[in-house]
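What follows is one structure encoded as structure tokens, with my remarks underneath.
Keep in mind the model is a prediction, meaning the values are calculated, not measured.
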Amino acid sequence: MSKLTTITQGIGTTETKIYTCPTGKNSTISKLSLTNVSESLVNFNISYYNSFSNATTYLAKQGYLDAGTIFDSIGNTNTLELNVGDYLTVLSTADSSIDIIITYEELDDSEI
């Protein structure tokens, strides 16, 4: 098992899936960091969709980031477990304003 990191750049005013737990896997998100790459303040939402309960909840709703600042939603002291079909989305109030870094581990269902 190894940690993987993905980067999503230029998130804006269209809600964007930044990670979906794949079929046959269980995922642990250990880091989720947003950076405002625009020149002005932006508001953002981070949502978590749980496929088992068919419900969405906010990890951050109407959060704000000044130009060039970082928001760490998930860090080393807390994690988020995702099951098949669960996903995370991000939305910003400005076009191409947010870059995301996610670090996670995926285990086969048989390893759980």
Discussion item. Applying side-chain hydrogen bond (donor to acceptor under 3.5 Å, both in side chains) to T56 and S47, what does each step give before you reach the verdict?
Written reply: CA-CA 7 Å; T56 300; S47 298; over 6 Å; no

Item to complete: For I18 and T6, run side-chain contact (heavy atoms from CB on, under 4.5 Å): C-alpha distance rounded to whole Å, both residues' side-chain angles, the deciding distance at 0.1 Å, then the answer.
Response: CA-CA 9 Å; I18 57 170; T6 61; over 6 Å; no

Practice prompt. Before giving the answer on side-chain contact (heavy atoms from CB on, under 4.5 Å), spell out for T5 and I102 the whole-Å C-alpha distance, their side-chain angles and the decisive distance to 0.1 Å.
Written response: CA-CA 5 Å; T5 298; I102 301 173; over 6 Å; no

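For T89, the side-chain hydrogen bond (donor to acceptor under 3.5 Å, both in side chains) criterion is met by E15, not counting sequence neighbours. For Y87, the ring pair (Phe, Tyr, Trp, His ring centres under 6.0 Å) partners are Y49, not counting sequence neighbours. Remark: Y19 pairs with Y104 by the ring pair (Phe, Tyr, Trp, His ring centres under 6.0 Å) rule, at least two apart or across chains. Remark: T13 engages D95 in a side-chain hydrogen bond (donor to acceptor under 3.5 Å, both in side chains) (not counting sequence neighbours). Shown here are the salt bridge (Lys or Arg N to Asp or Glu O under 4.0 Å) partners of D99, two or more places apart in sequence or in another chain: there are none. Residues forming a side-chain hydrogen bond (donor to acceptor under 3.5 Å, both in side chains) with S53 (at least two apart in sequence, or on another chain): N50. Considering only residues two or more places apart in sequence or on other chains, K17 meets the side-chain hydrogen bond (donor to acceptor under 3.5 Å, both in side chains) condition with none of them.
Using a 3.5 Å distance cut-off with no hydrogens or angles, the side chains of N36 and T69 do not pair a donor with an acceptor. Side-chain contact, T28 with T79: no donor N or O sits under 3.5 Å from an acceptor N or O.
Between K31 and D72 there is a side-chain heavy-atom pair separated by less than 4.5 Å. Inter-residue side-chain proximity for N45 and Y58 is flagged as met; some heavy-atom pair is nearer than 4.5 Å. Side-chain contact between V42 and D66 is absent, with no heavy-atom pair separated by less than 4.5 Å. Counting only heavy atoms from C-beta outward, the side chains of E105 and S27 never approach each other to under 4.5 Å. Taking the side chain as every heavy atom from C-beta outward, I100 and L88 never approach each other to under 4.5 Å.
Taking Ile, Leu, Val, Met, Phe, Trp and Tyr as members and joining any whose side-chain heavy atoms lie under 4.5 Å apart, directly or through other members, V84 forms no hydrophobic cluster with any other residue. Listed by chain and number, the hydrophobic cluster partners of I101 are I7, where partners are ILVMFWY side chains within reach of under 4.5 Å, directly or through others. In this structure, L91 stands alone, with no Ile, Leu, Val, Met, Phe, Trp or Tyr side-chain heavy atom under 4.5 Å from its own, directly or through other members.
In this structure, S92 OG and I98 CD1 are separated by 4.0 Å, a value rounded to the nearest 0.5 Å. With rounding to the nearest 0.5 Å, the separation of CG in N26 from CD in E81 is 5.5 Å. Rounding to the nearest 0.5 Å places CG of L59 at 6.0 Å from CD1 of I46. Here the CG atom belonging to L107 is positioned 8.0 Å from the NZ atom belonging to K25, to the nearest 0.5 angstrom.
Taking every heavy atom of both residues into account, L65 and T35 meet most closely at CD1-C, 4.3 Å. Nearest heavy atoms, A67 versus S40: CB-N, 3.7 Å. Of all the heavy atoms in N78 and I74, the pair that sits closest is O-CG2, 3.2 Å.
Listed by first and then second residue, the ring pair (Phe, Tyr, Trp, His ring centres under 6.0 Å) pairs that reach into residues 20-40 come to none, sequence neighbours excluded. Listed by first then second residue, pairs satisfying ring pair (Phe, Tyr, Trp, His ring centres under 6.0 Å) with a partner in residues 60-84 read F44-F71, not counting sequence neighbours.
When hydrophobic clusters are built by joining Ile, Leu, Val, Met, Phe, Trp and Tyr residues whose side-chain heavy atoms come closer than 4.5 Å, directly or via intermediates, I11 is not grouped with V37. Residues L4 and L82 share a hydrophobic cluster, clusters being chains of Ile/Leu/Val/Met/Phe/Trp/Tyr side chains in contact below 4.5 Å.
More than 12 heavy atoms of other residues, nucleotides or ligands sit less than 6.0 Å from atom CD of Q62.
Between the side chain of D86 and the main chain of N83, a donor-acceptor pair closer than 3.5 Å is present.
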